[in-house]
Amino acid sequence: MPTLLLVRHGRSTANSSGILAGWSPGVALDEHGEQQAKALAERLAGLPVATVVSSPLDRCRQTLAPLLTARPELTMRLDERLGECRYGDWTGRPLAELAKEPLWATVQAQPSAATFPGPEGESLRELSRRAVESVREWDAEVAREHGPDAVWLACSHGDVIKAIVADALGLHLDLFQRISVEPASVTALRYTATRPYLLRLGDTGELGGLAPRPRPAEGEDGAGGGDDAVVGGDTGTR
């Protein structure tokens with residue numbers, strides 16, 4: 001199956017000022033985030049990206065702008081299911097202030113029980129459901145259109161990516177706070193008929209090792225073919 005590159009947007013003005021942005025309008029990349037976006041395009045230069053999908057929020061679209069400029073053949077496709085959590089009444093408030101709210105402890109220790117306050121607030125369970133549904137549907141579409149060795153990219157937000165990774169690893173949502181993904185980092189997943197594989201987590205460095213490899217013969221990679229885990233660990237051969 002294809003390789004999914006989950007990109008967290010570059011550092012935003014909300015990140016650098018300690019504000020919970022959510023779906024607040026007008027939240028853009030800060031100067032450092034703009035540099036991260038340019039570097040991301042360079043880091044991805046050796047990978048044959050077939051499809052680009054993004055959260056509709058500005059900070060994600062700005063993160064992908066240098067990549068799309070460098071590769072005019074790519075078109076950004078938007079999916080609201082990859083958008084930030086709808087934090088409701090918490091949106092736009094300082095994190096230091098929110099840490100004093102009773103709900104903060106639930107978000108930290110039992111996120112599956114957390115629903116953000118206000119008419120527009122959603123639960124972290126719903127966030128997880130929509131995000132996983134999105135990437136699995138897009139992954140199947142990429143496989144149909146571009147084949148099983150395709151590489152595709154989805155740009156999203158920290159909690160969204162953490163929820164997708166937790167699902168891929170078979171972790172209960174209550175454990176997703178143990179996962180960390182930095183701004184402009186790349187997390188790579190590959191869904192197969194037997195299980196998902198986590199190839200990179202929050203990687204901010206070189207990505208050439210994610211380029212497609214020749215498909216192994218039956219019994220050559222692991223015990224039963226390309227979908228099997230390699231006993232003893234990946235050999236790194238191409």
Side-chain angles (χ1 to χ4, degrees), residues 1-10 36-55 60 63-71 73-77 79 82 131-132 134-158 160-169 179-217 220-222 225-238:
M1 295 298 290
T3 298
L4 162 60
L5 308 179
L6 282 168
V7 173
R8 185 182 174 193
H9 62 79
Q36 289 177 321
K38 293 177 183 177
L40 174 68
E42 296 172 358
R43 291 163 58 207
L44 293 168
L47 299 181
V49 177
T51 299
V52 173
V53 186
S54 179
S55 157
C60 287
T63 297
L64 295 179
L67 173 65
L68 297 177
T69 298
R71 303 195 194 187
E73 73 278 9
L74 292 175
T75 300
M76 184 190 306
R77 302 159 83 175
D79 189 341
L82 294 174
V132 171
S134 172
V135 295
R136 286 183 177 268
E137 287 183 3
W138 280 108
D139 197 72
E141 180 173 328
V142 170
R144 288 192 298 269
E145 292 185 359
H146 300 282
D149 297 320
V151 178
W152 69 283
L153 183 152
C155 188
S156 190
H157 307 266
V160 179
I161 294 172
K162 287 162 59 177
I164 293 169
V165 170
D167 171 78
L169 292 177
I179 299 165
S180 178
V181 290
E182 295 182 33
S185 65
V186 175
T187 293
L189 293 171
R190 184 166 61 89
Y191 294 101
T192 75
T194 53
R195 65 183 69 82
Y197 288 91
L198 176 64
L199 307 177
R200 301 281 179 96
L201 177 61
D203 197 324
T204 57
E206 189 273 331
L207 299 170
L210 293 172
R213 301 177 182 179
R215 298 183 67 78
E220 184 177 290
D221 191 358
D227 287 352
D228 283 352
V230 181
V231 177
D234 194 307
T235 63
T237 56
R238 295 186 172 276

Requested in this report: Give the minimum heavy-atom separation between T51 and H146, together with the two atoms involved.
Outcome: OG1-NE2, 3.4 Å
Query - Flag side-chain contact, heavy atom, 4.5 Å: L44 against L5 - result: yes
**Report entry** Spatial distance of atom CG (L40) from atom NE2 (H9) [nearest 0.5 Å]
**Finding:** 13.0 Å
Query - Audit row: E137, D79, side chain to side chain contact (heavy atoms under 4.5 Å, CB included) steps and yes/no - result: CA-CA 11 Å; E137 287 183 3; D79 189 341; over 6 Å; no
**Report entry** Side-chain heavy atoms of S55 within contact of H157, under 4.5 Å
**Finding:** yes
Query - Validation row: D167, R136 side chains within 4.5 angstrom (heavy atoms) - result: yes
Query raised in the report: Is any side-chain heavy atom of C60 closer than 4.5 Å to a side-chain heavy atom of M76?
Result: no
Query raised in the report: Does some side-chain heavy atom of R200 sit less than 4.5 Å from a side-chain heavy atom of V186?
Result: no
Report task. Please name the pair of heavy atoms, one in P66 and one in T63, separated by the smallest distance, quoted to 0.1 Å. Result -> CD-O, 3.6 Å
Query - Closest approach of P183 to R8 (non-hydrogen atoms, all atoms of both residues) - result: CD-NH1, 3.5 Å
Query raised in the report: How long is the span from the CH2 atom in W152 to the CD atom in E145, to the nearest 0.5 Å?
Result: 11.5 Å
Query raised in the report: Atom CD in E42, atom CD in E206: separation rounded to 0.5 Å?
Result: 13.0 Å
Query raised in the report: Can you find a pair of side-chain heavy atoms, one from S134 and one from L82, that are under 4.5 Å apart?
Result: yes
Report task. Report the distance from atom CZ of R190 to atom CZ of R195, rounding to the nearest 0.5 Å. Result -> 10.0 Å
Query raised in the report: Does the pair L67 and L153 meet the rule for a side chain to side chain contact (heavy atoms under 4.5 Å, CB included), with working shown?
Result: CA-CA 11 Å; L67 173 65; L153 183 152; 4.1 Å; yes
Report summary line: Taking every heavy atom of L47 against every heavy atom of R71, the minimum-distance pair comes out as O-NH1, 2.7 Å
Report task. Check the pair L4, W138 against side chain to side chain contact (heavy atoms under 4.5 Å, CB included), reporting the backbone distance first and the verdict last. Result -> CA-CA 9 Å; L4 162 60; W138 280 108; over 6 Å; no
Requested in this report: Taking the side chain as every heavy atom from C-beta outward, state whether L210 and V151 have any pair of such atoms under 4.5 Å apart.
Outcome: no
Report summary line: Partner of M1 under side-chain contact (heavy atoms from CB on, under 4.5 Å), picked from D139, D149, V142, is D139
Report task. Using modelled atom types only, decide if a donor and an acceptor are shared between the side chain of T187 and the backbone of G202 within a distance under 3.5 Å. Result -> yes
Report summary line: Heavy atoms of D203 and G205 approach each other most closely as OD1-N, 2.7 Å
Query raised in the report: Are Q36 and E182 close enough, and set up right, to give a side chain to side chain contact (heavy atoms under 4.5 Å, CB included), and what steps lead you there?
Result: CA-CA 11 Å; Q36 289 177 321; E182 295 182 33; over 6 Å; no
Query raised in the report: Are L6 and V135 side-chain neighbours, meaning at least one heavy-atom pair lies under 4.5 Å?
Result: yes
